[in-house]
Engineer: 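Can you read through this structure? Questions will come right after.
By convention here, the first residue in the shown sequence is residue 1.
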Amino acid sequence: MNPESERTGMRRSMRWRALAPMLVAGALLAGCGSSSSSSSSTSGASSTPSASGKKGGAVTVLEVAGGVDSLDPGYWYYQTDYTDLFQPTQRALYYFRPQDTVTPQPDLAAAQPALSNGDKTLTIHIRPGIHYSPPLANQTVSAADIKYAMERCFAASVGNGYAFSYYSNIVGVPSKPATTVPSISGIQAPNPTTLIINTKVPVGVLTVPNALALPCTVPVPESYAAKYDKGAQSTYGMHQVFTGPYMIQGAGSGTVPSSGYQTGKLLLLTRNPSWQRSQDPLRPAHFDTITFKGGNDITVASNQVLDGQSMMSGDFAAPPAAVLQQGLTTKKALFKIDPSDGNRYIALNTTIKPLDNLNFRRAIAAVINRNALRLTRGGPAIGTVATHFIPPGMPGFQQAGGYAGNPADNFYANPNGNVTLAESYMKKAGYPTGQYTGPPLLTVADNQPPASNTAQAVQSQLGQIGIKLTFREVPHATMLTKYCEVPKAAVAICPTVGWGKDFFDSQSMITPVFYGPNIVPSGNTNMAQANDPTLNKEMEQAAQLTSTAQRSSAWANLDKQITSQVYVVTWLWDNEVVFASSNVAGVTSPFNSNAWDLTWSSLK
């Protein structure tokens, strides 16, 4: 994560939404006094997913924050990592095409998992004959390679962020990141085309293989990679082999050269000579080359994309206000605006007094003017004012209250905030005048707009009920890795965070953020430090359900309870805004929060 923008950091069980510099004028987007009750939709024309797009050509993706955070597929958990590397260069067991918004398609797997032993044994057959890129072009993917890939996701040297959230019930999984790549007895490869996964209990996101579409199942051949996985930090990413239609230029030598990758500046993808279209029916892969250029000024980059040819927006979600206003007026067809299936929220650390008091937290929820916070980022075009955690489009959204929310949660009833109601909760919390009289609360936020604008608005709104803050604005990466992700830092309020799904199942919205056992010394995504034994047990039970309907109901019920407890104040279900030059037929990936899918996009 870089200070120039709020990245979609998904590290360590964390899929932080791309909180990019979206400086859209509220007047431009209007509706500032109301809360939208429906999802935003595409602002202009865009291509539909098509495997028959124009073949060939080169495209340049302009980035502001600097692109990927790691080259290692075992680490990938950021939206940009997925866009730039995961989707174009690698294949996992399962894959979400742009048109897949429920379950993924078999990719390296030949079919959906065969279930037995009470849904606790998954047998997955692997497609034969899929070759790695050079320097292993003569070697084909085997089940053992996927076994090793999943095992290395539990190694501290890899730094994976979600393995313990979704794979912890596999038999033999360690209880914490291992100092070396562990051997996991519950993952077996009896022959090159058979992978067997044994779990202690049924695991819904494995039986419906959502979690097997994540990069931990990108194959890694142990005989080649083991030497790079030794030490405090794996270096396999700089030496990796590829299975997708593209590879990093020059990586066929066995080492990624500077001509193919320069941290924060350049990533150049060229055709993988080992990839065969006949063996990959899921990716049309139209472009010949894809070049990512990082470190750009956002205004300059936005104008280059909108005025130029063969360019696409990268790790920033929209141009600055003036550019966007002109663009939506004269070049509307170049923009695509869709729900991200994510949210933005204010995290309240329930271990710090008086935030351990439910009525105090409800007072904060009541006083927050969610419409005003939305205006700090641009108004209705950037999303819908939220009333609970699970966003529109995700399973359980309607059961959790839909757009209206749960009527019992009256602190969310007024999107413009309600000081009188907030003061009534303050009185219940032990403040007779309805005004806070205690010491300032440590609050840490991003130091770059629009996040800094949001944080300052939160500070002002909390002041209406007397809450004073020790207010610090720091670079986004510092905010997370030094403060908000670190329980020992004792940060009371983190006002500029958000979350996006890992796949189309609401476990990926709820468990990483609210499950008590997820609290860790660093990289902690449970910033509220919610640790209710009853809720923890309900999450464990919900995770075992294999019925889609039952899962939706269970996670919706958890959403209601979590919202009522106000561990966080969810204020926005946000949109993704992307744009491309007039000769680019851009296709987005709902799986990846509607960022571009470069294996389906093409030139016109």
Engineer: Would you say the side-chain atoms of Asn518 and Asn526 include a donor-acceptor pair closer than 3.5 Å?
Structural biologist: no
Engineer: Find out whether the Lys NZ or Arg CZ of Lys501 is both under 6.0 angstrom from the six-membered ring centre of Phe504 and within 45° of the ring's axis.
Structural biologist: yes
Engineer: Whether the side chain of Asn359 engages the backbone of Ala429 through a donor-acceptor N/O pair (distance < 3.5 Å, no angle test) should be reported.
Structural biologist: no
Engineer: Can you confirm whether Val68 sits close enough to Asp84 that some side-chain heavy atom of one is under 4.5 Å from a side-chain heavy atom of the other?
Structural biologist: yes
Engineer: Is the backbone N or O of Gly466 less than 3.5 Å from a side-chain atom of Gln435, with the two atoms forming a donor-acceptor pair by type?
Structural biologist: yes
Engineer: Search all heavy atoms of Ala211 against all heavy atoms of Leu206 and return the closest pair with its distance.
Structural biologist: CB-CD2, 4.0 Å
Engineer: Is there a side-chain contact between Ile364 and Ile467 (heavy atoms, below 4.5 Å)?
Structural biologist: yes
Engineer: List the atom of Thr570, the atom of Arg370, and the distance in Å for their closest heavy-atom pair.
Structural biologist: O-CD, 3.9 Å
Engineer: Using a 4.5 Å cut-off on heavy atoms from C-beta on, say whether the side chain of Val568 contacts that of Phe514.
Structural biologist: yes
Engineer: Under 3.5 Å, is there a donor-acceptor pair between the side chain of Ser70 and the main chain of Tyr75?
Structural biologist: no
Engineer: Looking at CG of Asp502 and OG of Ser593, how far apart are the two atoms once the value is rounded to the nearest 0.5 Å?
Structural biologist: 9.0 Å
Engineer: Look at the aromatic rings of Trp76 and Phe86 and report parallel, tilted or perpendicular, splitting at 30° and 60°.
Structural biologist: tilted
Engineer: Grab the two heavy atoms, one from Val208 and one from Thr546, that are nearest each other, plus how far apart they are.
Structural biologist: CG2-O, 4.4 Å
Engineer: Going by atom types only, do Thr351 and Asp356 share a side-chain donor-acceptor pair under 3.5 Å?
Structural biologist: no
Engineer: Determine the interplanar angle of the Trp573 and His388 rings, folded into 0 to 90°, and report it as parallel if under 30°, tilted if 30 to 60°, perpendicular if over 60°.
Structural biologist: perpendicular
Engineer: Is it the case that atom CD in Gln399 sees more than 12 heavy atoms from other parts of the structure closer than 6.0 Å?
Structural biologist: yes
Engineer: Just by distance, no angles: are the side chains of Gln456 and Glu473 close enough, under 3.5 Å, to form a donor-acceptor pair?
Structural biologist: yes
Engineer: For Ser508, does its backbone N or O pair with a side-chain atom of Trp499 as donor and acceptor, under 3.5 Å?
Structural biologist: yes
Engineer: Quick one, Asn160 with Phe154, criterion side-chain contact (heavy atoms from CB on, under 4.5 Å). Give me CA distance, side-chain angles, the key distance, then yes/no.
Structural biologist: CA-CA 7 Å; Asn160 178 268; Phe154 291 94; over 6 Å; no
Engineer: Ignoring hydrogens and angles, tell me if any N or O in the side chain of Ser547 forms a donor-acceptor pair with the backbone of Gln550 under 3.5 Å.
Structural biologist: yes
Engineer: Within the structure provided, determine whether Thr80 and Asp315 are in side-chain contact (heavy-atom separation under 4.5 Å).
Structural biologist: yes
Engineer: Measuring from atom OG1 of Thr481 to atom NE2 of His476, what distance do you get when rounded to the nearest 0.5 angstrom?
Structural biologist: 9.5 Å
Engineer: When you compare the side chains of Asp446 and Ser452, does any donor N or O come within less than 3.5 Å of an acceptor on the partner?
Structural biologist: no
Engineer: With distance as the sole criterion, is a donor-acceptor pair present between the side chains of Asn371 and Arg374 under 3.5 Å?
Structural biologist: yes
Engineer: In Å and rounded to the nearest 0.5 Å, what is the OG1 to CG distance from Thr511 to Leu558?
Structural biologist: 8.0 Å
Engineer: Does any donor atom in the side chain of Asp559 or Thr563 lie under 3.5 Å from an acceptor atom in the other side chain?
Structural biologist: yes
Engineer: Do Thr376 and Pro450 have side-chain heavy atoms sitting under 4.5 Å apart?
Structural biologist: no
Engineer: Would Thr588 and Asn594 count as a side chain to side chain donor-acceptor pair (under 3.5 Å) if you check the C-alpha gap in whole Å, the side-chain angles of each, and the deciding distance to 0.1 Å?
Structural biologist: CA-CA 5 Å; Thr588 57; Asn594 276 308; 3.2 Å; yes
Engineer: Does Thr525 use its side chain to pair, donor to acceptor, with the backbone of Pro512 at less than 3.5 Å?
Structural biologist: yes
Engineer: Could you measure the distance from the OG atom of Ser564 to the CZ atom of Phe411? Nearest 0.5 Å is fine.
Structural biologist: 5.0 Å
Engineer: Quick one: closest heavy-atom pair of Pro440 and Leu469, and the distance?
Structural biologist: CB-C, 3.9 Å
Engineer: Are the side chain of Asp81 and the backbone of Asp69 linked by a donor-acceptor contact shorter than 3.5 Å?
Structural biologist: yes
Engineer: Is Asn296 reaching over with its side chain to a backbone N or O of Ile298, donor-acceptor style, under 3.5 angstrom?
Structural biologist: no
Engineer: Please lay out, stage by stage, how Ile510 and Tyr515 fare under the test side-chain contact (heavy atoms from CB on, under 4.5 Å).
Structural biologist: CA-CA 8 Å; Ile510 300 293; Tyr515 183 53; over 6 Å; no
Engineer: Determine whether the side chains of Asn406 and Tyr412 contain a donor N or O and an acceptor N or O closer than 3.5 Å.
Structural biologist: no
Engineer: May I ask you to test the Arg551-Gln507 pair for a side-chain heavy-atom distance under 4.5 Å?
Structural biologist: yes
Engineer: Is it the case that atom NZ in Lys353 sees more than 12 heavy atoms from other parts of the structure closer than 6.0 Å?
Structural biologist: no
Engineer: To the nearest 0.5 Å, what is the distance between CG (Leu441) and NZ (Lys468)?
Structural biologist: 11.0 Å
Engineer: Heavy atoms only: give me the nearest Gly74-Asp72 pair and the separation to one decimal.
Structural biologist: N-OD1, 2.8 Å
Engineer: Between Thr478 and Val474 (side chain of the first, backbone of the second, donor and acceptor by atom type, cut-off under 3.5 Å), is there such a pair?
Structural biologist: no
Engineer: Under the criterion side-chain contact (heavy atoms from CB on, under 4.5 Å), I'd like the reasoning laid out for Gln565 against Arg361: C-alpha separation, chi angles, the key distance, then a yes or no.
Structural biologist: CA-CA 8 Å; Gln565 293 297 309; Arg361 300 197 301 272; 4.0 Å; yes
Engineer: Indicate whether any N or O donor in one side chain lies under 3.5 Å from an N or O acceptor in the other, for Thr496 and Arg344.
Structural biologist: no
Engineer: Pick one: which of Phe96, Tyr166, Phe591 meets ring-ring contact (aromatic ring centres under 6.0 Å, His included) with Phe503?
Structural biologist: Tyr166
Engineer: Apply the test side-chain contact (heavy atoms from CB on, under 4.5 Å) to residues Asn557 and Glu538: give CA-CA distance (whole Å), side-chain angles for both, the deciding distance (0.1 Å), then the verdict.
Structural biologist: CA-CA 9 Å; Asn557 184 56; Glu538 287 187 32; 3.6 Å; yes
Engineer: How long is the span from the OG1 atom in Thr470 to the CG atom in Leu442, to the nearest 0.5 Å?
Structural biologist: 6.0 Å
Engineer: Indicate whether the side chain of Asn575 and that of Asp338 have a donor and an acceptor atom separated by less than 3.5 Å.
Structural biologist: no
Engineer: Can you tell if the side chain of Ile493 reaches within under 4.5 Å of the side chain of Asn349, non-hydrogen atoms only?
Structural biologist: no
Engineer: For a quick test of reading the model, state the closest non-hydrogen atom pair linking Trp571 to Pro495 and the distance between them.
Structural biologist: NE1-O, 4.4 Å
Engineer: Flag the pair Pro354 / Tyr436 as yes when at least one side-chain heavy-atom distance between them is below 4.5 Å, and no otherwise.
Structural biologist: yes
Engineer: Tell me whether the rings of Tyr167 and Tyr162 are parallel (<30°), tilted (30 to 60°) or perpendicular (>60°).
Structural biologist: perpendicular
Engineer: Counting distance only, does the side-chain N/O of Asn536 pair as donor-acceptor with the main-chain N or O of Gly516 below 3.5 Å?
Structural biologist: yes
